[in-house]
Undergrad: 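One structure follows; several queries about it will come next.
Please read these numbers as outputs of a predicted model, since none were measured by experiment. Each chain gets a letter, A, B and so on, in the order the sequences are listed, and its residues count up from 1.
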There are 2 protein chains.
Amino acid sequence: MIRLSKLTDYAVVVMTAMIQGDGGPHTAISLAERTGLPAPTVSKILKLLARDGLMASHRGATGGYRLARAPDAINVAQIIAAIDGPIALTDCVEGAPGACGVESLCPRRGNWDRVNRAVRGALEGVSLADMARPSFPDPLLPKAAPALPATADAI
Amino acid sequence: MIRLSKLTDYAVVVMTAMIQGDGGPHTAISLAERTGLPAPTVSKILKLLARDGLMASHRGATGGYRLARAPDAINVAQIIAAIDGPIALTDCVEGAPGACGVESLCPRRGNWDRVNRAVRGALEGVSLADMARPSFPDPLLPKAAPALPATADAI
DNA sequence: GCAATCCGGACCAAATCAGTACCCTTTAAG
DNA sequence: CTTAAAGGGTACTGATTTGGTCCGGATTGC
Ligand code: FES
Ligand code: FES
């Protein structure tokens with residue numbers, strides 16, 4: 001299974017929790033209470049998100065975090081990049097020499113970039129606003145990725 | 001970084017090495033020599049691929065492995081599924097109750113399926129034949145995923 | 001000044017993964 | 001029939017990554 005780190009999952013939970021509140025700033029502790037996640041973990045996530053510019057932080061006595069942009073201007077790719085680092089599936093990515101142990105023998109160094117690009121594009125097609133929609137049983141896909149004709153659901 | 005397991009990377013290396021040989025069966029040891037990977041690891045990979053029907057194996061004295069299908073009839077999603085298991089980015093996928101610890105509080109259970117579908121579609125758009133192409137500096141994307149307007153290359 | 005809040009990093013335990021080894025079954029060659 | 005060569009399966013171990021926690025310091029409002 002291509003594991004997305006659990007922290008990234010939590011990040012989406014926290015961010016959607018912020019959407020549902022009013023526009024005011026949210027403190028890390030209040031978000032932890034509303035999401036049921038441990039407070040230090042929430043704090044860690046918020047810090048990572050703020051570092052990448054997805055959150056606007058305000059220090060001091062009445063400080064807190066706010067979303068830096070509108071929910072539909074934030075996509076899943078950005079959240080993943082903030083928590084897990086750049087989106088690259090393999091070690092043999094473009095700029096890293098010597099990362100892959102067999103690169104001297106492997107004639108296909110760099111072709112994973114095509115895969116990376118495809119995945120990245122798919123992730124950019126899903127916004128935070130999409131994730132925040134309460135539930136949608138129908139596969140209407142109003143603004144998701146261009147819906148390849150997925151061969152089967154269970155691959 | 002969304003890590004794809006290193007074994008999956010190796011699987012593509014091994015499979016492309018098979019393409020470049022003649023049509024005859026390849027033994028695990030000969031493939032290990034040609035790819036520079038340790039023999040037990042190659043054997044393990046081949047076993048996994050054979051179990052999922054991507055390889056045709058022949059036992060006995062003159063046995064070996066062959067590709068079960070043409071290179072352009074095998075896509076990256078299938079290889080990943082064979083090595084890493086089903087493609088699902090998060091623990092909170094459709095059929096797993098209790099997998100995610102916060103599911104009772106999280107109102108968005110199941111929305112990750114949209115992301116999963118998008119990624120899966122992107123992966124299905126890249127075939128093994130694409131990966132075997134010696135090198136392609138141009139982003140023509142002859143048969144890759146429908147190319148969303150990627151915002152930037154460095155996300 | 002004081003209290004509340006964010007900031008940055010270090011730290012540890014648990015889970016996962018890569019790699020290896022072992023033994024069994026199957027098949028073809030001699 | 002016997003033997004050797006190859007895949008099939010499983011179990012084990014060390015290394016790596018991850019999730020989660022903690023603490024001291026900086027910043028702002030009351
Ligand atoms: S360089 Fe890593 S797979 Fe070839
Ligand atoms: S159920 Fe897992 S994120 Fe909500």
Undergrad: Can you measure from CG (B:Leu54) to CD1 (B:Ile45) and round to the nearest 0.5 angstrom?
TA: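 It comes to 13.0 Å.
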Undergrad: To the nearest 0.5 angstrom, please state how far the NZ atom of A:Lys6 sits from the OG1 atom of A:Thr41.
TA: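 Atom-to-atom, A:Lys6:NZ and A:Thr41:OG1 are 10.0 Å apart.
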Undergrad: Hey, does A:Ala28 reach any base, or is it just sugar-phosphate, or nothing, if we go heavy atoms under 4.0 Å?
TA: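 The answer is sugar-phosphate, as A:Ala28 gets under 4.0 Å only of primed atoms, P, OP1 or OP2.
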Undergrad: In whole Å, I'd like the distance from the CD1 atom of B:Ile45 to the P atom of C:dC17.
TA: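 Value for this atom pair: 15 Å.
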Undergrad: Using the rule given for side-chain contact (heavy atoms from CB on, under 4.5 Å), can you reason through A:Ile19 versus A:Leu128, listing the C-alpha separation, both sets of side-chain angles and the distance that settles it, and then say yes or no?
TA: CA-CA 10 Å; A:Ile19 294 176; A:Leu128 177 61; 4.0 Å; yes
Undergrad: So, is B:Tyr10 near the phosphate of C:dG19, with a side-chain N or O under 4.0 Å from OP1 or OP2?
TA: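 Yes, B:Tyr10 has a side-chain N/O under 4.0 Å of OP1/OP2 on C:dG19.
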Undergrad: Where do B:Ala28 and B:Val42 come nearest, in terms of heavy atoms and distance?
TA: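 Result for this residue pair: O-CG1, 3.7 Å.
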Undergrad: Is there a continuous path of hydrophobic side-chain contacts, each under 4.5 Å between heavy atoms, that joins B:Ile29 to B:Met55?
TA: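 Looking at the clustering, B:Met55 is in a separate group from B:Ile29.
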Undergrad: Without decimals, in angstroms, what is the distance between B:Ile83 CD1 and C:dG19 C1'?
TA: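 Interatomic distance, CD1 of B:Ile83 to C1' of C:dG19: 14 Å.
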Undergrad: Between A:Tyr65 and C:dC7, is there a side-chain N or O to OP1/OP2 distance below 4.0 Å?
TA: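 For C:dC7, OP1/OP2 do have a side-chain N/O of A:Tyr65 under 4.0 Å.
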Undergrad: Does B:Leu7 reach a base, just sugar-phosphate, or nothing at all? Heavy atoms under 4.0 Å.
TA: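 If one applies the 4.0 Å heavy-atom cut-off, B:Leu7 turns out to touch the sugar-phosphate alone, with no base involved.
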Undergrad: Looking only at side-chain N and O atoms, does A:Thr27 come under 4.0 Å of OP1 or OP2 in C:dA4?
TA: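 No, no such contact exists.
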Undergrad: Sugar-phosphate means primed atoms, P, OP1 and OP2; the rest is base. With that split, encode nucleotides 20-30 of chain C 5' to 3' as B, S or - using protein heavy atoms under 4.0 Å.
TA: S----BBBS--
Undergrad: Whole angstrom is fine here: how far is it from CG in B:Leu48 over to P in C:dC17?
TA: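 B:Leu48 atom CG is separated from C:dC17 atom P by 13 Å.
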Undergrad: How close do B:Ser127 and B:Pro71 get, counting heavy atoms only, and between which atoms?
TA: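 Heavy atoms only, the tightest pair is CB-O, 4.1 Å.
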Undergrad: Between the two end axes of the helix from C:dG1-D:dC30 to C:dG30-D:dC1, each built from 5 base pairs, what angle do you get to the nearest 10°?
TA: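 Inter-axis angle at the ends, rounded: 20°.
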Undergrad: In whole angstrom, what separates B:Asp52's CG from D:dG7's P?
TA: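 B:Asp52 atom CG is separated from D:dG7 atom P by 18 Å.
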Undergrad: Please report the distance, rounded to the nearest Å, between CG in B:Asp9 and P in C:dA18.
TA: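 In whole Å, C:dA18 P lies 10 Å from B:Asp9 CG.
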Undergrad: Distance check needed: C:dC7 C1' versus A:Arg51 CZ, whole Å only.
TA: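 It is 12 Å, rounded to the nearest whole Å.
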Undergrad: Looking at B:Leu123, B:Leu4, B:Val126, B:Val76, which one forms a side-chain contact (heavy atoms from CB on, under 4.5 Å) with A:Val119?
TA: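 When B:Leu123, B:Leu4, B:Val126, B:Val76 are each tested with A:Val119, the side-chain contact (heavy atoms from CB on, under 4.5 Å) holds only for B:Leu123.
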Undergrad: For A:Ile29 and C:dA4, give me the distance from atom CD1 to atom P, rounded to whole Å.
TA: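 That distance rounds to 10 Å.
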Undergrad: Mind checking the CG-OG1 spacing from B:Leu31 to B:Thr35? Nearest 0.5 Å is all I need.
TA: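 B:Leu31 atom CG to B:Thr35 atom OG1 measures 6.5 Å (nearest 0.5 Å).
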Undergrad: Would you please name every residue forming a side-chain hydrogen bond (donor to acceptor under 3.5 Å, both in side chains) with B:Thr8, sequence neighbours left out?
TA: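 Once residues adjacent in sequence are excluded, the partners of B:Thr8 under the side-chain hydrogen bond (donor to acceptor under 3.5 Å, both in side chains) criterion are B:Ser5, B:Asp84.
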Undergrad: Nearest-Å distance, CG (A:Leu4) to C1' (D:dT18)?
TA: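 The answer, rounded to whole Å, is 13 Å.
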